[in-house]
Amino acid sequence: TKPAQATKSPAMGNKVTFTIKGGMSSYSAAKVLEQCGLVDSAKKFDSYLCKHRLDGYVKAGTFTVKKGVSYSELAKIITRK
């Protein structure tokens, strides 16, 4: 028999849906992600966006994202670049 494997979270609990409003700054969007538990720090994620020149490309919308995605994956989802 195979040993039981611990699952990270229940089937529904590993996705987060959030909304970014039109005109939000990259930092405000990062705060939304922090509140959802998708990023450890809004400041760090905003710095990532600025460093990669994505801070001006944050798009409005409602997104559903798996918990634990990388900064680069998250940036691809919430920016139009």
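Note: hydrogens, waters and symmetry copies are ignored here, and every other heavy atom, side chains too, is used.
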Between the CG atom in N14 and the NZ atom in K66, the distance rounded to the nearest 0.5 Å is 6.0 Å
In short, salt bridge (charged side-chain N to carboxylate O under 4.0 Å, His left out) pairs touching residues 52-62 with sequence neighbours left out are none
For the residue pair L74 and V69, establish whether any side-chain heavy-atom pair is separated by less than 4.5 Å.
yes
Of all heavy-atom pairs linking V32 and T19, the shortest is CG1-O, 3.9 Å
Contacts of S47 meeting side chain to side chain donor-acceptor pair (under 3.5 Å) (sequence neighbours excluded), chain-then-number -> none
For residues 18-44, the ring pair (Phe, Tyr, Trp, His ring centres under 6.0 Å) pairs (sequence neighbours left out) are F18-F63
| request: Verify side-chain contact (heavy atoms from CB on, under 4.5 Å) between I78 and L33, making sure each step is shown before the conclusion. | output: CA-CA 10 Å; I78 69 155; L33 299 176; 4.2 Å; yes
With a 4.5 Å cut-off on side-chain heavy atoms, are T62 and T17 touching? yes
Applied to residues 31-44, the side chain to side chain donor-acceptor pair (under 3.5 Å) test, sequence neighbours excluded, yields K31-E34, D40-K44, D40-Y71
* Do I20 and Y57 share a hydrophobic cluster (ILVMFWY, side-chain heavy atoms under 4.5 Å, transitive)? -> no
Contacts satisfying salt bridge (charged side-chain N to carboxylate O under 4.0 Å, His left out) that involve residues 16-28 (not counting sequence neighbours) are none
S70 meets the side chain to side chain donor-acceptor pair (under 3.5 Å) criterion, sequence neighbours left out, with S72, E73
Note: A30 and A42 closest approach over all heavy atoms is CB-O, 3.4 Å
OG (S26) and CZ (F45) are apart, to the nearest 0.5 Å, by 9.0 Å
query: Is a side-chain N or O of T79 found less than 3.5 angstrom from the main chain of A75, in a donor-acceptor match?
result: yes
